[in-house]
Every structure is written in C-alpha cells, then in structure tokens.
Amino acid sequence: MEEKILSGKKNGMKVLLSVLLIYVLDIALFAVSVSHVQGPATPLWVVGVVVSSFVFLTAWILLCGLKVLRPQEALVLTLFGKYVGTLKDSGFYFVNPFCTGVNPAAKTRLNQSGDVSETGSGMAALMGAAQGAATNVTVYSNKLSLKIMTLNNSRQKINDCLGNPIEIGIAVTWRIVDTAKAVFNVENYKEFLSLQCDSALRNVVRIYPYDVAPNVDTTGDGVADEGSLRGSSEVVAARIRDEIQARVKEAGIEVVEARITYLAYAAEIAAVMLQRQQASAIIDARKMIVDGAVGMVEMALERLNERGVVELDEERKAAMVSNLLVVLCGNRDAQPIVNSGSLY
C-alpha cells in the first residue's frame with residue numbers, strides 16, 4: 001500500500017460560503033413562491049416549492065465534506081472501501097462528502113504522552129457541575145497524529161545471558177511517517193508497536209549480562225567483551241531501537257529513540273546480588289589496602305636502612321613487617337605495646 005497525498009483541496013471556506021448562499025437563495029425562492037400563490041396551486045408554484053424543499057433537505061450533505069486539519073495531523077480517506085488518499089497539510093478542506101476517515105487505533109489508549117483521552121468542556125462541563133458530578137466526554141477522532149510520541153513500556157522480567165532474572169523498562173519515542181501503511185498494513189498500529197517493543201526488548205536483553213562477566217560475547221564476533229546492561233546502556237538502547245525499527249517498518253512507523261528507564265535485579269535475587277556486590281567491593285578495597293600497606297612497609301625499611309637508625313636482621317625485619325601489616329591492614333586502631341626489655 002503506497003501513500004497518496006491529496007493536495008489542492010483547500011476549498012473548505014468557499015464551499016461553506018456557497019452552501020450558506022444556497023440556503024439563503026432557497027429560502028428567498030420559497031418565500032417568493034408562496035407569496036405569488038393566488039387561487040389554486042399552479043404548476044410553477046408546485047415546481048418552486050418542490051425544488052426549494054429538495055435543496056433545503058439535501059444541501060447539508062455538502063457540509064459532510066468539510067474537513068479541518070491542525071498542524072501535525074493527517075486524515076486517511078476511503079470512498080466505499082477504496083483508499084482515496086491522505087490529507088496531511090493543515091488547513092480547511094473540502095472532499096467528497098461520502099469519503100470517510102479511517103483510524104483503527106482511534107480508541108486505543110496506551111501509556112504515552114500525547115495519546116490520552118480528551119475530556120468534554122463548555123456546556124457539558126457546566127451541566128456536569130450543575131448536577132454535582134464531573135462529566136467526562138471521551139472524544140474519538142479518526143485523524144492520525146504525526147507528532148513524536150513516547151511509549152512508556154511496562155517493566156518486564158527477563159533472564160539475562162547468565163540466567164539471572166532482571167526487571168527492565170524502556171521508553172520509545174516514535175512517529176508515523178507513512179499513514180497508508182499504518183492504517184492498512186496492520187490491524188492496530190499502536191498495539192502492534194507495543195508488542196514489537198516487548199519482543200525486541202526480550203531478544204536484546206538475553207544477549208547481555210546484567211554486569212560485566214567473563215567469557216561473554218555480546219557482539220557476535222566470537223570474542224569475549226565487556227558489554228553489559230548496566231555498563232553499556234547506550235549501546236543496548238541503540239540495539240533495541242534498531243531491532244524495533246526493523247519490526248515496525250512495514251507499519252509506517254519510525255522509531256526515533258529508545259531509552260532504558262528502569263534496570264534492576266528481580267526481587268527474588270536482589271538481596272543475594274547485593275551481598276555479592278558488597279563482597280566484591282570489600283575484596284577490591286582489601287586489595288587496595290594490602291597494596292598500599294606493602295608499599296609503606298617497603299618504604300619504611302628502606303628509610304631505616306638508608307639513615308642507619310637501626311640494624312635489623314632477617315628475623316627482626318620479619319617481625320617488623322608483620323607488626324606494620326597488622327597495624328596498616330587492621331579494621332581497628334592499633335593498641336601499641338611498649339617493650340622495655342630486650343627482644344630476646
């Protein structure tokens with residue numbers, strides 16, 4: 001299905017004024033016909049009344065062909081089931097009165113910006129207030145929005161490449177670029193987009209570990225890398241966006257961007273993984289403390305030897321190293337013991 005853009009049909013104001021003029025002339029003709037009645041009805045009077053009545057009853061059909069489009073709106077028109085074309089530019093149009101607008105997703109409301117129910121205002125709101133209750137009137141339009149919209153996909157529980165269950169949510173910004181494909185190629189383009197987002201998210205997340213893990217290939221080149229959901233969020237988001245785009249191309253939808261909005265371990269393993277992260281952090285901290293302590297002990301021995309403060313044999317050096325390491329690597333402040341006698 002190829003999109004056809006209808007142009008040169010911005011005659012809405014001309015047609016509206018013409019219909020109003022027709023009604024004015026029709027009322028004048030009817031008044032003149034009635035005022036010239038004398039005696040029995042004449043054929044001319046009968047013809048005038050019939051014509052004016054027919055015009056009065058059918059001229060309103062032309063008003064059904066008036067269409068108003070705001071910026072970033074489109075209207076897909078069909079005539080007796082056949083695709084006629086699409087109105088895209090903003091303006092006041094006149095089309096075939098028997099053309100109807102098609103939007104199979106008009107009543108679908110997803111959790112996304114720019115796609116919420118409109119509430120009634122004016123007289124409906126005043127009547128609702130007078131009755132002491134709020135009256136919400138849902139308005140469904142067959143017009144398609146060409147604006148960039150955001151789909152906040154619900155959080156999903158997915159196993160990563162190591163089998164750990166995680167919870168992840170994404171936000172996808174998208175817009176319609178081909179109205180004919182969006183309306184006719186899929187049953188409901190909004191639901192179609194949401195389902196494809198879920199499927200693409202699962203396929204991509206199963207390739208990556210939550211955190212960096214050894215011997216994991218996330219690029220498919222056969223070489224282990226350091227890709228992860230937590231550390232490579234930009235790469236993962238771009239990969240999700242490309243996979244969604246490949247799936248929704250036939251629906252006339254362009255995926256502008258995909259972003260990870262929520263990422264965490266599932267509740268059943270969150271506590272265990274937190275302990276694992278804490279243990280890893282403690283080990284790394286201990287390694288740093290030991291490296292620093294060894295360097296300080298080495299520096300202390302060199303300084304003592306250079307300045308000739310004291311001469312230490314191997315046994316005394318070992319005792320000194322042991323004491324310094326205990327002091328520097330301990331979790332508590334050292335409690336020195338003064339030795340007033342000989343070491344032996």
Supply the atom-to-atom distance [X] [atom1] to [Y] [atom2], rounded to the nearest 0.5 angstrom.
X: Arg206; Y: Ile158; atom1: CZ; atom2: CD1; answer: 7.0 Å
X: Glu3; Y: Ile176; atom1: CD; atom2: CD1; answer: 10.0 Å
X: Lys82; Y: Cys99; atom1: NZ; atom2: SG; answer: 11.0 Å
X: Leu201; Y: Ile244; atom1: CG; atom2: CD1; answer: 7.5 Å
X: Asn11; Y: Ser18; atom1: CG; atom2: OG; answer: 9.5 Å
X: Thr218; Y: Asp221; atom1: OG1; atom2: CG; answer: 8.0 Å

**OP:** Following the transitive rule for hydrophobic clusters with a side-chain heavy-atom cut-off under 4.5 Å over Ile, Leu, Val, Met, Phe, Trp and Tyr, establish whether Val84 and Ile5 coincide in one cluster.
**Re:**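 No.
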Do any N or O atoms from the side chain of [X] and from the backbone of [Y] form a donor-acceptor pair under 3.5 angstrom?
X: Thr261; Y: Gly169; answer: yes
X: Lys143; Y: Val68; answer: yes
X: Gln245; Y: Val255; answer: yes
X: Lys157; Y: Ile168; answer: no
X: Asn142; Y: Val102; answer: no

Original post:
Should the pair Arg247-Glu243 be classified as a salt bridge under the 4.0 Å nitrogen-to-oxygen rule?
Top reply: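 A salt bridge links Arg247 with Glu243.
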Subject >> Lys/Arg-Asp/Glu bridge criterion (N-O < 4.0 Å) met for Glu73, Lys147 >> reply: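 Salt bridge between Glu73 and Lys147, a charged N being under 4.0 Å from a carboxylate O: no.
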To check you understand the geometry: which heavy-atom pair defines the closest contact between [X] and [Y], and what is its length?
X: Ala258; Y: Ala237; result: O-CB, 3.2 Å
X: Tyr189; Y: Ala105; result: CE2-CB, 3.6 Å
X: Gly12; Y: Leu66; result: O-CD2, 3.5 Å
X: Leu162; Y: Ala213; result: CD1-CB, 3.7 Å
X: Pro165; Y: Asn159; result: CA-OD1, 3.3 Å
X: Val256; Y: Arg241; result: O-NE, 3.9 Å

**OP:** List for me each residue that meets side chain to side chain contact (heavy atoms under 4.5 Å, CB included) alongside Ile22, sequence neighbours excluded, and say none if there are none.
**Re:**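 If we apply the side chain to side chain contact (heavy atoms under 4.5 Å, CB included) test to Ile22, skipping adjacent residues, the hits are Val55, Ala59.
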Taking the side chain as every heavy atom from C-beta outward, state whether [X] and [Y] have any pair of such atoms under 4.5 Å apart.
X: Asp89; Y: Leu69; value: no
X: Arg202; Y: Gln156; value: yes
X: Val172; Y: Asn153; value: no
X: Phe94; Y: Leu16; value: no
X: Leu151; Y: Cys197; value: yes
X: Phe192; Y: Glu187; value: no
X: Ile207; Y: Cys161; value: no
X: Leu87; Y: Leu77; value: yes

**OP:** Decide side chain to side chain donor-acceptor pair (under 3.5 Å) for Thr150 and Thr173; before the verdict, give the C-alpha distance in whole Å, the side-chain angles of both, and the deciding distance to 0.1 Å.
**Re:** CA-CA 4 Å; Thr150 302; Thr173 54; 5.7 Å; no
Subject >> Residues that Asp178 engages under side-chain hydrogen bond (donor to acceptor under 3.5 Å, both in side chains), provided they are two or more places apart >> reply: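 Counting only residues at least two positions away or on another chain, Asp178 forms no side-chain hydrogen bond (donor to acceptor under 3.5 Å, both in side chains).
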Original post:
What residue pairs, at least two apart or across chains, pass ring pair (Phe, Tyr, Trp, His ring centres under 6.0 Å) with a residue in residues 200-227?
Top reply: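 For residues 200-227: Tyr210-Tyr265.
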**OP:** Would you mind listing every ring pair (Phe, Tyr, Trp, His ring centres under 6.0 Å) that reaches into residues 67-93, with sequence neighbours excluded?
**Re:**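 Qualifying pairs: Tyr83-Phe184.
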**OP:** Just grab all the side chain to side chain donor-acceptor pair (under 3.5 Å) pairs involving residues 227-237, residues at least two apart or on different chains.
**Re:**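 Passing the test, one end in residues 227-237: Asp211-Arg230, Glu234-Arg259.
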Original post:
With distance as the sole criterion, is a donor-acceptor pair present between the side chains of Thr219 and Asp217 under 3.5 Å?
Top reply: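 Judged by distance alone, the side chains do pair up.
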**OP:** Consider only side-chain N and O atoms of Thr179 and Thr86, and report whether a donor and an acceptor are under 3.5 Å apart.
**Re:**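 On atom types as modelled, these side chains qualify, holding a pair under 3.5 Å.
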Original post:
Which residues satisfy the salt bridge (Lys or Arg N to Asp or Glu O under 4.0 Å) test with Arg175, sequence neighbours excluded?
Top reply: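 Scan of Arg175 (salt bridge (Lys or Arg N to Asp or Glu O under 4.0 Å), adjacent residues dropped) gives Glu254.
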